[in-house]
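Reviewing the structure listed below.
Chain identifiers are assigned alphabetically (A, B, ...) following the order of the sequence lines, protein sequences preceding nucleic acid strands; residue numbering begins at 1 within each chain. Computation of the quantities below employed the complete heavy-atom set of this structure, encompassing side-chain atoms and omitting hydrogens, waters and symmetry-equivalent molecules.
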Amino acid sequence: MRDRRAVLRDSLGLGIAVGAYGLSFGALSAAAGLSVLQTCVLSLAGFTGGSQFTYVGIVGAGGATGSAVGSALLLGLRNVLYGVRVRPLLGLDGWRRAGAAHLVIDESTGMAIAQPADQPELARTAFWATGLSIFVLWNLATLGGALLGNAVDPRTLGLDGAEPAAFLVLLWGRLAAPGGRRVAALAAAIAIVAGVTLPAGLAVPIAAVAVIAGGRREPASGPDHAARGPRGDDA
Amino acid sequence: MSWLGVLLLCAGCYAEKLAGMFLPPRWITGRPLLERAVDLLPTALLAGLVATSALLVGKHVHADGRLLGVAVAVVLLLRKAPLLVVIVAASAATALLRLLT
C-alpha cells in the first residue's frame with residue numbers, strides 16, 4: 001500500500017520540474033510580441049502549457065489570431081477526455097468541480113490515474129498536489145521568463161532555437177505511443193509543404209490531419225504512457 | 001499584440017476543461033475512434049510546430065542555428081536531461097552558432 005506522503009513527494013517533485021518550464025513559455029511569449037500582462041494572463045487563466053506555446057508560436061510567426069486560437073484549442077481537446085477520466089476519482093459536486101476543472105492538465109491527470117484503483121484518496125491527493133504546485137510555479141516562472149524575454153534581444157539569446165526545442169520537449173513522450181512516430185513524421189512533412197504554399201498560420205492546423213496515420217485502433221499490447229496521455233478506467 | 005486572441009484562448013481552454021467535468025461521460029467515452037484521434041492530435045500538432053519553427057522563415061525553408069538547437073535538444077532528451085536544461089542548451093547552441101558565423 002502506498003502512503004500519502006510518497007504521493008505528495010512525487011507530486012511536488014513533478015510540480016517543480018514542470019512548473020519551472022514556465023520560464024521558457026514566458027520568454028518565448030515575450031519574444032513573440034505579447035506584453036508581460038498578456039503572457040501572465042495566458043498562464044493564469046489559460047493554464048494549459050501546450051496550448052499556450054502553440055498560440056504564441058503561431059502568432060509570433062505572423063499567423064492569424066483565428067489559426068492560432070484554433071490550433072491551440074485543438075491541442076487542448078485532450079483536456080475534455082482528461083476531465084471525464086479524473087472526475088469519478090475526485091468525487092466532487094457542483095462548483096467544486098468547476099474549480100477542479102481549471103487544474104485538469106496532463107500531469108495532474110496522469111498522476112491521479114496512476115494511483116491504485118482501490119485508493120481514491122491517493123488519486124485525490126495526487127491530483128490536487130500536482131495541479132496546485134504546477135499552477136503556482138508555472139505562473140511565477142512565466143512572470144520571470146516574460147520579464148527576461150522583454151529585457152534582452154531574443155535572437156541574441158537564441159530564443160528562436162528554444163522554440164522548436166520547447167515543442168520537441170512537449171512532443172517527446174508522445175512519440176513512444178503506438179502510431180506516434182508515424183503521425184509525427186507525416187505531420188511534420190504536411191506542415192512544411194503547407195507552410196511554404198499557404199498563408200502563415202495554416203500549416204499547423206492542417207498538419208492535424210496526420211492523425212489518420214495513427215490507424216483506427218490502439219494495439220492492445222501498447223506501452224503504458226499514463227503520465228503523458230492517460231487512458232485510465234472510466235469507472 | 002491584440003487581447004482578443006489571448007482572451008478567446010483563455011475562455012476556450014477553460015471551456016474544454018469544464019466540458020470534461022460536466023458533460024455526460026457517455027457523449028465522450030465508448031467511442032474508440034474519437035478517443036484515439038483526440039489522443040493523437042497533440043502529436044500531430046506539436047510535430048507540425050517543431051518542423052515549422054525549426055525550418056521556416058516566413059514562407060521559405062531556411063536552415064540556420066535553430067537546427068543545431070534542435071539537435072542539441074534531441075541528444076539531451078535521449079539522455080533524460082531536465083526540461084529546462086534542454087531549452088537553455090538549445091538556446092545557447094543557437095546563439096553561439098549565430099555569434100560565430
| The single option from A:Thr48, A:Leu103, A:Val80 passing side-chain contact (heavy atoms from CB on, under 4.5 Å) against B:Lys17 | A:Thr48
| For chain B, which of A:Leu159, A:Leu74, A:Ile212 has the most heavy-atom pairs under 4.5 Å? | A:Leu74
| task | Find the one option among A:Val69, A:Leu23, A:Ile58, A:Val56 whose heavy-atom pairs under 4.5 Å with chain B are most numerous. | result | A:Val69
| request: Quick one: closest heavy-atom pair of A:Ala101 and B:Tyr14, and the distance? | output: CB-CE1, 4.2 Å
| said: I need the residue from A:Val209, A:Val104, A:Leu186, A:Val204 with the largest number of non-hydrogen atom pairs under 4.5 Å to chain B. | reply: A:Val204
| Relative to chain B, which segment of A:Ala61 carries a heavy atom at a distance below 4.5 Å: side chain, backbone, both, or neither? | neither
| Heavy atoms, side chains only, cut-off 4.5 Å: are B:Leu41 and A:Arg78 in contact? | no
| Under a 4.5 Å heavy-atom cut-off, does chain B meet the side chain of A:Thr156, its backbone, both or neither? | backbone
| said: Counting C-beta onward and ignoring hydrogens, is there a side-chain heavy-atom pair between B:Val6 and A:Leu34 closer than 4.5 Å? | reply: yes
| task | Please flag which part of A:Leu157 lies under 4.5 Å from any non-hydrogen atom of chain B: side chain, backbone, both or neither. | result | backbone
| field | Most contacts with chain A, counted as non-hydrogen pairs under 4.5 angstrom, among B:Thr43, B:Leu40, B:Leu23, B:Leu7 | value | B:Thr43
| request: Please flag which part of A:Thr197 lies under 4.5 Å from any non-hydrogen atom of chain B: side chain, backbone, both or neither. | output: backbone
| Does any heavy atom of chain A fall under 4.5 Å from the side chain of B:Val74, the backbone, both, or neither of them? | both
| field | Pick from A:Ile206, A:Leu92, A:Ile105, A:Leu168 with the largest number of heavy-atom pairs that fall under 4.5 Å of chain B | value | A:Leu168
| Between A:Val86 and chain B, which part of the residue has a heavy atom less than 4.5 Å away: side chain, backbone, both or neither? | side chain
| note | Bottom line for A:Ala68: the part with an atom under 4.5 Å from chain B's heavy atoms is neither
| From CA spacing to verdict: side-chain contact (heavy atoms from CB on, under 4.5 Å), B:Cys10, A:Val41 | CA-CA 8 Å; B:Cys10 291; A:Val41 166; 4.1 Å; yes
| query | Could you go step by step and tell me if B:Val38 and A:Val211 meet the side-chain contact (heavy atoms from CB on, under 4.5 Å) rule? | reply | CA-CA 9 Å; B:Val38 170; A:Val211 295; over 6 Å; no
| note | When the 4.5 angstrom heavy-atom criterion is applied to A:Ala100 and chain B, the contacting part is both
| query | Between A:Ala165 and B:Ala73, which heavy-atom pair has the shortest distance, and what is it? | reply | CB-CB, 3.9 Å
| task | Would you mind checking which part of A:Leu90 comes under 4.5 Å of any heavy atom in chain B, side chain (CB onward), backbone (N, CA, C, O), both or neither? | result | side chain
| message | Between B:Pro25 and chain A, with a heavy-atom cut-off of 4.5 Å, which part of the residue counts as in contact: side chain, backbone, both or neither? | response | both
| query | In terms of heavy-atom pairs under 4.5 Å, which option from A:Thr65, A:Val183, A:Ile190 contacts chain B the most? | reply | A:Val183
| field | Any donor-acceptor pair under 3.5 Å from B:Arg36 side chain to A:Gly214 backbone | value | yes
| query | A:Pro205, A:Ser51, A:Ala17, A:Ala188: which one forms the most heavy-atom pairs within less than 4.5 Å of chain B? | reply | A:Ala188
| task | Determine whether more than 12 heavy atoms belonging to other residues, nucleotides or ligands lie under 6.0 Å from atom CH2 of B:Trp3. | result | yes
| task | Please report the C-alpha distance between A:Trp172 and B:Val86 in whole Å, then the side-chain angles of each, then the deciding distance to 0.1 Å, and finally whether the side-chain contact (heavy atoms from CB on, under 4.5 Å) criterion is met. | result | CA-CA 12 Å; A:Trp172 196 254; B:Val86 175; over 6 Å; no
| task | Test B:Leu46 against every option in A:Leu175, A:Val169, A:Leu75 by the side-chain contact (heavy atoms from CB on, under 4.5 Å) rule and name the one that passes. | result | A:Leu75
| note | When the 4.5 angstrom heavy-atom criterion is applied to A:Arg181 and chain B, the contacting part is neither
| Between B:Ile87 and A:Tyr21, does a side-chain contact (heavy atoms from CB on, under 4.5 Å) hold up when you go through it step by step? | CA-CA 9 Å; B:Ile87 301 305; A:Tyr21 198 54; 3.4 Å; yes
| field | Structural part of A:Phe53 lying under 4.5 Å from a heavy atom of chain B | value | neither
| Can any side-chain N or O of A:Arg97 pair as donor or acceptor with the backbone N or O of B:Met21 at less than 3.5 Å? | yes
